[in-house]
Amino acid sequence: MVLKLYGNPHSTCTNRVRTVLEELSVPYELVVIDFGKGEHKAPEFVAVQPFGQVPYLDDDGFKVYESRAIARYIALKYGGIGKLIPAQSDVQKTALFEQAASVELTNFDPSASALAFENIFKPIFGLQTDPAAVEKLKTTLEGKLAVYDVILGKSKYLAGDELTLADLFHLPYGALLEKQGIDFVISGRFPNLTRWWKDISSRESWKKLTA
């Protein structure tokens with residue numbers, strides 16, 4: 001049975017999962033959830049994803065939600081061990097991977113996702129962007145990415161010299177920074193960061209989703 005991903009092509013979290021599926025060449029069907037019709041809040045959807053958020057994955061009756069958890073599941077089951085996630089028998093590589101994944105979740109995502117909400121999603125919903133909040137978020141993110149530049153000056157990727165899910169997790173919101181005219185990842189001001197970003201954002205898996 002082909003995997004079914006219930007999500008939306010405009011959703012950052014959906015595209016986080018789709019990138020991993022494309023990276024590993026896993027066949028899947030995207031079941032598009034229409035936000036305008038409130039399908040993500042429908043009883044049958046909430047019965048699977050109780051928070052009413054996309055995406056969730058259905059693998060022949062096994063259902064899992066939260067994009068990073070889905071990505072780990074796909075990598076573990078569909079050929080990603082040693083490619084996108086370390087073998088769990090290698091405790092040191094696993095620790096470094098989990099460290100890098102935690103860095104994305106706690107040091108990148110909060111500011112990057114909040115900036116996208118202020119500059120992109122608020123206008124879509126007819127809400128006013130808060131300029132003071134935007135400037136504060138940009139300052140916070142700039143400081144975090146300065147640390148990324150130090151980390152990436154010591155290794156090719158965040159968990160070492162091999163690509164992992166932790167790197168790919170940055171793609172959806174990192175790409176939205178560019179759309180907001182926030183050039184932290186592309187300007188070269190942080191040369192190691194820019195080298196890394198050009199590397200991961202030029203992967204065929206991501207280019208396929210953004211073509």
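By convention here, the first residue in the shown sequence is residue 1.
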Will you find, in the side chains of [X] and [Y], an N or O donor that is under 3.5 Å from an N or O acceptor?
{"X": "Glu22", "Y": "Ser205", "value": "no"}
{"X": "Tyr28", "Y": "Arg18", "value": "yes"}
{"X": "Thr12", "Y": "Tyr173", "value": "yes"}

Next item on the list: Would you mind checking if Asp130 and Lys136 are paired as a salt bridge, meaning a charged N to carboxylate O distance below 4.0 Å?
Entry: no
Item checked: Salt bridge present between Glu104 and Arg68 (N-O < 4.0 angstrom) -> yes
Could I get the full list of side-chain hydrogen bond (donor to acceptor under 3.5 Å, both in side chains) partners for [X], not counting sequence neighbours?
{"X": "Thr19", "value": "none"}
{"X": "Glu135", "value": "none"}
{"X": "Lys122", "value": "Glu118"}
{"X": "Gln99", "value": "none"}

Shortest non-hydrogen contact between [X] and [Y], atoms and distance:
{"X": "Leu193", "Y": "Leu152", "result": "CA-CD1, 4.0 Å"}
{"X": "Ile124", "Y": "Ile120", "result": "CG1-O, 3.3 Å"}
{"X": "Arg195", "Y": "Ser155", "result": "NH2-O, 3.5 Å"}
{"X": "Arg72", "Y": "Ala101", "result": "NH2-CB, 3.4 Å"}
{"X": "Val20", "Y": "Ala71", "result": "CG2-CB, 3.9 Å"}
{"X": "Leu141", "Y": "Ser111", "result": "CB-CB, 3.9 Å"}

Would a distance-only check, ignoring hydrogens and angles, find a side-chain to backbone donor-acceptor pair under 3.5 Å from [X] to [Y]?
{"X": "Thr14", "Y": "Asn8", "value": "yes"}
{"X": "Ser202", "Y": "Lys198", "value": "yes"}
{"X": "Asn15", "Y": "His10", "value": "no"}
{"X": "Gln49", "Y": "Phe51", "value": "yes"}

Note to self: Strictly by ring-ring contact (aromatic ring centres under 6.0 Å, His included), give each pair with a member in residues 73-98 just once, sequence neighbours left out.
What the structure shows: Phe62-Tyr73
Only pairs under 3.5 Å count here: list side-chain donor-acceptor contacts from residues 83-93, not counting sequence neighbours, and write none if there are none.
from  : atom 1 : to     : atom 2 : distance (Å)
Asp90 : OD1    : Gln92  : N      : 3.4
Asp90 : OD1    : Lys93  : N      : 3.1
Lys93 : NZ     : Glu162 : OE2    : 3.4

Test of understanding: clusters of I, L, V, M, F, W, Y form through side-chain heavy atoms closer than 4.5 Å, transitively. Do [X] and [Y] belong to the same one?
{"X": "Val64", "Y": "Val54", "result": "no"}
{"X": "Ile81", "Y": "Leu96", "result": "no"}
{"X": "Leu30", "Y": "Leu57", "result": "yes"}
{"X": "Leu137", "Y": "Ile186", "result": "yes"}
{"X": "Leu105", "Y": "Val103", "result": "no"}

Under the ring-ring contact (aromatic ring centres under 6.0 Å, His included) rule, collect the residues that match up with [X], sequence neighbours excluded.
{"X": "Tyr6", "answer": "Tyr56"}
{"X": "Tyr148", "answer": "His170"}
{"X": "Tyr157", "answer": "none"}
{"X": "Phe35", "answer": "His40"}

For the atom pair [atom1] ([X]) and [atom2] ([Y]), what is the distance rounded to the nearest 0.5 Å?
{"X": "Glu29", "Y": "Leu21", "atom1": "CD", "atom2": "CG", "result": "12.5 Å"}
{"X": "Phe108", "Y": "Leu158", "atom1": "CZ", "atom2": "CG", "result": "10.0 Å"}
{"X": "Asn107", "Y": "Ser102", "atom1": "CG", "atom2": "OG", "result": "7.5 Å"}

Is there side-chain contact between [X] and [Y], with at least one heavy-atom pair below 4.5 Å?
{"X": "Cys13", "Y": "Pro172", "answer": "no"}
{"X": "Glu23", "Y": "Leu168", "answer": "yes"}
{"X": "Phe169", "Y": "Leu165", "answer": "yes"}
{"X": "Leu3", "Y": "Pro27", "answer": "no"}
{"X": "Trp196", "Y": "Asp167", "answer": "yes"}
{"X": "Met1", "Y": "Asp59", "answer": "no"}
{"X": "Tyr65", "Y": "Pro50", "answer": "yes"}
{"X": "Val31", "Y": "Leu5", "answer": "no"}

Item checked: Neighbour count >12 (heavy atoms, 6.0 Å) for atom NZ, Lys208 -> no
Note to self: Strictly by salt bridge (Lys or Arg N to Asp or Glu O under 4.0 Å), give each pair with a member in residues 142-160 just once, sequence neighbours left out.
What the structure shows: Glu142-Arg189
Note to self: Under the criterion side-chain contact (heavy atoms from CB on, under 4.5 Å), I'd like the reasoning laid out for Phe190 against Val185: C-alpha separation, chi angles, the key distance, then a yes or no.
What the structure shows: CA-CA 7 Å; Phe190 302 124; Val185 298; over 6 Å; no
Checklist line | Residues that, via side-chain heavy atoms closer than 4.5 angstrom, fall in one hydrophobic cluster with Val150 | finding: none
Next item on the list: Kindly determine whether Ile200 and Trp206 satisfy side-chain contact (heavy atoms from CB on, under 4.5 Å), including the steps that lead there.
Entry: CA-CA 8 Å; Ile200 64 171; Trp206 179 246; over 6 Å; no
Next item on the list: In sequence, state the C-alpha distance, the side-chain angles, and the governing distance for Asn119 and Ile182, and then conclude on side-chain contact (heavy atoms from CB on, under 4.5 Å).
Entry: CA-CA 11 Å; Asn119 289 325; Ile182 300 172; 4.3 Å; yes
